[in-house]
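Below, chains carry the letters A, B, ... as their sequence lines are ordered, and counting in each starts from 1.
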Amino acid sequence: MAGVGSGYDLTTTTFSPEGRVYQVEYATKAVEQSGTVIGIRCVDGVVLAVENLRGVKLLRPDSLRRIFAVDRHIGIAVAGIGPDGRHMVGRARSEAQNYRSVYAEEIPPSLLAERLASYAHVYSLYWHVRPFGCTILIGGWDASQGPCLYVVEPDGSGYKYRAYANGKGRTAVRTALNKLNFEQLTCTSAVQEIARMIHQSRDIAKDKPYELEMAWISEASDHKFARVPGALVVSSRQAVEEEPQQMETGGSTASADRGETPSTSTHIMEES
Amino acid sequence: MIETPTHTTEPIVTGSSVLGVQCVDGVVLACDTLASYGSLARFQRITRLHQPAPGVVIAGGGEYSDLQQLFRITDNIFRQEFCQEDGYELSPRALHSYLARVLYGRRSRMDPLYNSLAVAGKGRFLGCIDLYGTAFESEAVATGIGALLALPLIRKQWHAALAMDEGVRLLEECLRVLYYRDCRALRSVQVAKVSDSGEVLISEPYELSNLQWKVAQAAEEV
């Protein structure tokens, strides 16, 4: 039984002697290999973005999306295994509808995050199921608190964030996120920042071409889930791609960052 | 012998007629704002018109709780449509057909939704559905006792060049007649205008004017 977990990684019902649950860690690994996913809560809304990697050239643009509408006021971005993410989205939609049919009002994003976290957690408790290989970013508009961003991870934890990034380019992007001023950041400028962060986190020589997929729930979209207007995405992306190449240091840290183990301390977390 | 529920075939809180007419520039729906409890005028300021999405309005009579359920069902349909993001949108005709299936399915289970509906939408759509799932499209629609009292009046005055504002006046006239003769009708009414391009205008409840009761005195003298 040679291998990473030496027999302790076969199910989520077994702890390793060091107190780790390997299956859950493997699920987290699946997320880290995904295209970069970013969520930012701005003053006038919340922006979700995905670096949608396009290995297959025959795919039509806008197919295989990674950002989904859950309700009129909530959207989810998926990092990790797509089908697992879509399953979570399906669950989120039925939770949202169920809440509506009981209380006749929109589900608060906080409650949706809580319920999805509980749901994900259940899949780390039994030998006959595996954890979800995805982290989901829940962007929503709360009736009383305005825009908000929640993240649910494969282990079933859920946090409220100002900004979050995961996937291949996460380390470079998290560093860049830490430098933003969230008290003043608007959605439009966040879109431009995201385009820059994703561009700079990439290794042009090695990485597959990508589609920049973005959605927001903002004042501009009447507090409803909407795709960021194509023109804005295209112009933001063009702007950063035409910029003179960053200094060597910037580029090399970005490529060195890839595949590193995440340090959760770089997340910009909020009391929830 | 399978026992079937019978309580669903006895409506408790009910709305009365709904009227609709097609015009040159759109469709108009009208109904009063009453939900009766038996013969008691119990809820006098409720709305029986509902706009589930841009460019669609449904109006209904019959059991009010069933009507609310139908409104919820249509809301859910359009919310799912919103989440789909496939660039298609559900046409008023499709919704009309869908609701007819819902009502027919329920009557086939011997558990009907006790309503009659009018569906109006952009592209000059006007359709009608009853509690058995019978559905049709027509340039003039009236449900309940309105089908007997108002529909002949609408047909008499209907012409191909009818404008929406004239349509509103025509339906107001019919509501007036219904207020005189239908014991479950109310003076407070609402109208909805759906233009061909999909602009929807649902009025606030307002009182019918020009009511003429002299004839009632004549009836007393007999």
Side-chain angles (χ1 to χ4, degrees), chain A residues 48 50 52 60-78 85-107 109 112 116 136 138-141 211 213-217 221-230 233, chain B residues 8 13 15 33 35 43 45-58 60 63-92 94-95 98-99 101-103 105-106 109 111 113 115 197-202:
Chain A
L48 299 173
V50 172
N52 208 334
R60 287 198 47 181
D62 289 334
S63 60
L64 276 183
R65 285 180 164 167
R66 283 183 163 273
I67 302 179
F68 305 90
V70 166
D71 201 329
R72 289 187 206 275
H73 67 304
I74 296 178
I76 283 183
V78 173
R86 281 197 293 278
H87 178 83
M88 288 298 271
V89 170
R91 177 74 187 192
R93 284 176 181 160
S94 45
E95 288 286 358
Q97 186 152 329
N98 175 258
Y99 186 92
R100 246 197 166 92
S101 66
V102 174
Y103 298 108
E105 54 182 51
E106 295 174 336
I107 190 168
L112 181 71
L116 288 176
I136 54 168
I138 306 164
W141 195 282
E211 213 172 81
E213 191 185 340
M214 291 209 234
W216 62 23
I217 298 112
S221 67
D222 195 21
H223 306 176
K224 297 205 168 63
F225 175 91
R227 301 271 155 193
V228 174
V233 179
Chain B
T8 65
V13 178
T33 64
F43 305 103
R45 267 295 164 104
I46 50 90
T47 178
R48 301 198 277 128
L49 291 162
H50 182 62
Q51 187 191 354
V56 199
V57 177
I58 49 183
E63 171 63 38
Y64 193 64
S65 61
D66 285 351
L67 189 65
Q68 288 177 317
Q69 176 67 11
L70 280 165
F71 289 167
R72 270 195 284 269
I73 289 171
T74 46
D75 280 348
N76 282 341
I77 292 296
F78 281 102
R79 193 169 316 107
Q80 281 162 20
E81 203 68 14
F82 172 87
C83 291
Q84 210 73 42
E85 291 188 282
D86 52 8
Y88 292 95
E89 61 175 32
L90 207 64
S91 66
L95 178 71
Y98 177 84
L99 288 172
R101 294 303 86 208
V102 171
L103 287 157
R106 290 295 296 261
R109 281 192 276 148
D111 184 19
L113 290 167
N115 300 105
S197 57
E199 265 176 74
V200 172
L201 239 160
I202 299 182

Working for side chain to side chain contact (heavy atoms under 4.5 Å, CB included), residues A:R93 and B:Q80: CA-CA 9 Å; A:R93 284 176 181 160; B:Q80 281 162 20; over 6 Å; no
Do other residues, nucleotides or ligands put more than 12 heavy atoms under 6.0 Å from the OH atom of B:Y98?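 Result for OH/B:Y98: open.
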Which bit of A:V70 is near chain B, if near means a heavy-atom gap under 4.5 Å: side chain, backbone, both or neither? backbone
A:R100 side chain near B:R72 side chain, heavy-atom distance below 4.5 Å: no
Report the distance from atom CD of B:E85 to atom CZ of A:R65, rounding to the nearest 0.5 Å.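 Here the rounded value is 5.5 Å.
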What's the shortest heavy-atom distance between [X] and [Y], and which atoms?
{"X": "B:R79", "Y": "A:D71", "result": "CD-OD1, 2.9 Å"}
{"X": "A:R72", "Y": "B:D75", "result": "NH2-O, 4.4 Å"}
{"X": "B:F82", "Y": "A:F225", "result": "CZ-O, 3.3 Å"}

